[in-house]
Trainee: 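Submitted below is the structure of interest, expressed as C-alpha cells.
Below, chains carry the letters A, B, ... as their sequence lines are ordered, and counting in each starts from 1.
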Protein chains: 2
Amino acid sequence: MTAAGNGAQTAGRPTRLPRSARRKQLLAAAQEVFVAQGYHAAAMDDIAERAGVSKPVLYQHFPGKMDLYLALLDTHCDAIVAQVQDAMRGTSDNKERVGASVRAYFDFVDHESEAFRLVFESDLRNDPAVRQRVERVEQGCIAAITDTIISDTGVSRAHAELLASGLVGAAETAAQFWLAGGRQVPKAEAEALVAALSWRGIASFPLQGESA
Amino acid sequence: MTAAGNGAQTAGRPTRLPRSARRKQLLAAAQEVFVAQGYHAAAMDDIAERAGVSKPVLYQHFPGKMDLYLALLDTHCDAIVAQVQDAMRGTSDNKERVGASVRAYFDFVDHESEAFRLVFESDLRNDPAVRQRVERVEQGCIAAITDTIISDTGVSRAHAELLASGLVGAAETAAQFWLAGGRQVPKAEAEALVAALSWRGIASFPLQGESA
DNA sequence: GCACAGTGGAGGTCAAGATCGGCGTGCAGT
DNA sequence: ACTGCACGCCGATCTTGACCTCCACTGTGC
C-alpha cells in the first residue's frame, strides 16, 4: 500500500506533468502523509514516494518541509474560518446560525482524508508560524460568533467571547468524537443534536439574568 | 531566568540529593520544559540544565525521553479524569454536577505551570502510547457524563455520548480560552457563565424531544 | 545522430538522544 | 584522627536519523 491506491501513477514510466498539476499532486500526497503520520514522523522520502516522484522534484516545488506543511495548513485554516463566517452571514435567524455553524464543523471534520487533523491535532503548535495560524483559526471562529452574541444579547465582550469559545468547543469536540466513533449516528442527526444542545444553551441568554 | 527562580540550586556547589528527591525535581524540571517547548522541541539537555544536573543523571533516573514524558502524562491524565468523576459522584443534583464539571476543567487548566498542555496540546498524539492515554482521558470524561445523561434523560447511548462530548468540549475549550486570554473574567464568574451555558443546553433534554 | 531537460539514487551535514572514563565527597574501620 | 572505599556526578563523545543536494540515465525535438 505504498503508492498503489492513490491517483498518482502506479509504477514504471514516470509521467511528465505540468507544474501546476504536479504541485497539486504533491500537496495531496503530502496531506495524506502528514495526516496519517503527523509532521515530525512524516519523512520527505515518504511524501515523494507517495507521489511517485523523487525528492529533488519535491524541493523544486517547495523550499522545505515547513513550507509544504504551511501551504496545506493555510488552505484548511481559511476553509473552516470561512465556513463559520458564512454560517453567521447566511441568515439572521440565530437558531439557524447555530445549526449552520455546527454543520460547518461537522462538514470540516467529515471532509475527506481527515485533513482537520492538520489544524486541530497539529504536532507543530509550538512552532510560532503554525501556532499563529492555528490560534488565528480559533480566534477567528470565536470572533465571528462573539459579534453576533454581543449584538443580540448585550453581554460584555469578555463574556460573549467565553460563551462563543464554549460553543465552538462543543461543536469541534462533538464533531471529532462523532467521526472517531465511526459515525455511529447519521450525520444530520448528530448535527441536529449538537445544534439543539448549543441553541438551548445560548438561546436563554438574551435579556436573561446577566450576573446570575 | 534559566535556573534562577526554581527550587533547584542556583549555581556553584552541586547539591547531592537522595534519589527520591532528585527524581521529583527532575520530573518538575521536565514538566516545565515540556510544557514550554513541547515534546519534540524539548531537548534532554534543556531538562538537565533546568534541573541543574547533567544528562547522565537524567538517564540514571529515566530510561529515555519517552518514559519521562509518559510519567508526567499519566499523573495529569489521572488527575483530570478523577476530578470529573468526583464532580459526577459528589452530588445528585444535575445542575450542580454541571457546575462541578466545569469547575473541574477550569481548575485543571488553572493548575500551576499550565500542565494541561501535556494532555490537551500534546505534540505526540501520533505515538500509540500517548494517543491511548489521551483518548482514554477524553473517553473517560465523556463516559462519566454519558452515564448520567442516559439515566436522567433516557436518550440512546450514542446520542448521550455526543451530548457529553459537546459539554466536555465546551468546558475544555472555554477554560483554555479563558486562560489564554489572560483571565480577563474572574474565575468564578467564567465558571458560572460556562456552567449556565452548558446547563441550559442539557437541562431541556430530559423528557423533551425523545420520550415526551 | 545529437543536445538537453528532467529523473533517480547515493551522499553531506547537523541536531539530538544516549553513553563512558574521571572526580570529588562522605563514611567506616583501626 | 588517618586512610581506603564506594557512590553519585560531570565533561566529552558516539551514533542514528532526517532534511537537504550532486552524478549517471533516459526519452524527445531538430
Trainee: It should be established whether A/Tyr59 places a side-chain nitrogen or oxygen under 4.0 Å from OP1 or OP2 of nucleotide D/dC20.
Mentor: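 Looking at the OP1 and OP2 atoms of D/dC20, one of them is under 4.0 Å from a side-chain N or O of A/Tyr59.
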Trainee: B/Phe106 ring centre to B/Lys187 NZ or CZ under 6.0 Å, with the angle to the axis within 45°?
Mentor: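 No, a cation-pi geometry is absent between B/Lys187 and B/Phe106.
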Trainee: How close or far is atom P of C/dG9 from atom CG of A/Leu58, stated in whole angstroms?
Mentor: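 Spelled out: CG on A/Leu58 to P on C/dG9 is 15 Å.
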Trainee: If you assign A/Ala43 and B/His61 each to the DNA chain D nucleotide with the nearest heavy atom, which residue ends up on the more 5' nucleotide?
Mentor: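 First, find each residue's nearest nucleotide; the 5'-ward one identifies B/His61.
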Trainee: Please pick, from C/dA18, D/dC9, D/dT21, the nucleotide with the shortest atom-to-atom distance to any side-chain atom of B/Met44.
Mentor: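 Shortest atom-to-atom distance from the side chain points to C/dA18.
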Trainee: May I ask you to say what B/Ala48 touches in the nucleic acid, namely base, sugar-phosphate or nothing, with a heavy-atom cut-off under 4.0 Å?
Mentor: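 Touches nothing.
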Trainee: B/Arg19 side chain N/O closer than 4.0 Å to the phosphate oxygens (OP1, OP2) of D/dC7?
Mentor: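 For B/Arg19, the contact criterion (side-chain N or O under 4.0 Å from OP1 or OP2 of D/dC7) is not met.
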Trainee: Taking CG from B/Asp45 and C1' from D/dA12, how many angstroms apart are they, rounded to a whole number?
Mentor: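 Nearest whole value for this atom pair: 12 Å.
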Trainee: Without decimals, in angstroms, what is the distance between B/Leu26 CG and D/dC10 P?
Mentor: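 Nearest whole value for this atom pair: 10 Å.
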Trainee: For A/Leu68 and D/dC19, give me the distance from atom CG to atom P, rounded to whole Å.
Mentor: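 Taking CG of A/Leu68 and P of D/dC19, I get 11 Å after rounding.
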Trainee: Measure CZ/A/Phe62 against C1'/D/dC20 and give the value in whole Å, please.
Mentor: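 About 16 Å, once rounded to whole Å.
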Trainee: Measure from the side chain of B/Pro56, starting at C-beta and using heavy atoms only, and say which of D/dG11, C/dG8, D/dC19 lies closest.
Mentor: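 For B/Pro56, the side-chain atoms sit closest to D/dG11.
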Trainee: Taking atom types as modelled and ignoring hydrogens, do the side chains of A/Gln31 and A/Ser113 form a donor-acceptor contact shorter than 3.5 angstrom?
Mentor: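 Per modelled atom types, A/Gln31 and A/Ser113 side chains form a pair under 3.5 Å.
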Trainee: To the nearest Å, how far apart are B/Glu49 CD and D/dC9 P?
Mentor: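 The distance from CD of B/Glu49 to P of D/dC9 comes to 17 Å, rounded to the nearest Å.
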Trainee: Pick base, sugar-phosphate or nothing for B/Ala41, based on heavy-atom distances below 4.0 Å to the nucleic acid.
Mentor: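 Nothing, no nucleic acid heavy atom in range.
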Trainee: Rounded to whole Å, please give me the gap between NZ in A/Lys65 and C1' in C/dT13.
Mentor: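 Computing the A/Lys65:NZ to C/dT13:C1' distance gives 16 Å.
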Trainee: Check A/Asp74 with A/Arg133, please: is the shortest side-chain N to carboxylate O separation under 4.0 Å?
Mentor: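 Salt bridge present between A/Arg133 and A/Asp74.
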Trainee: Return the value, rounded to whole Å, for the distance between atom CZ of B/Arg22 and atom P of D/dC7.
Mentor: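 Going from CZ in B/Arg22 over to P in D/dC7 covers 18 Å.
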Trainee: Quick one: are the ring centres of B/Phe120 and B/Phe108 less than 6.0 Å apart?
Mentor: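 Ring centroids of B/Phe120 and B/Phe108 are less than 6.0 Å from each other.
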Trainee: Check every atom of C/dT7, C/dG11, C/dG17 against the side chain of B/Lys55 and return the nucleotide holding the closest atom.
Mentor: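 Output: C/dG17.
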Trainee: With the side chain of A/Ser54 defined as its heavy atoms from C-beta on, choose the nearest nucleotide among C/dA18, D/dC10, C/dG8.
Mentor: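 Nearest listed nucleotide: C/dG8.
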Trainee: Checking B/Gln139 against B/Arg136: is there a side-chain donor and acceptor pair closer than 3.5 Å?
Mentor: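 Their side chains do not contain a donor-acceptor pair, so the 3.5 Å distance test is not met.
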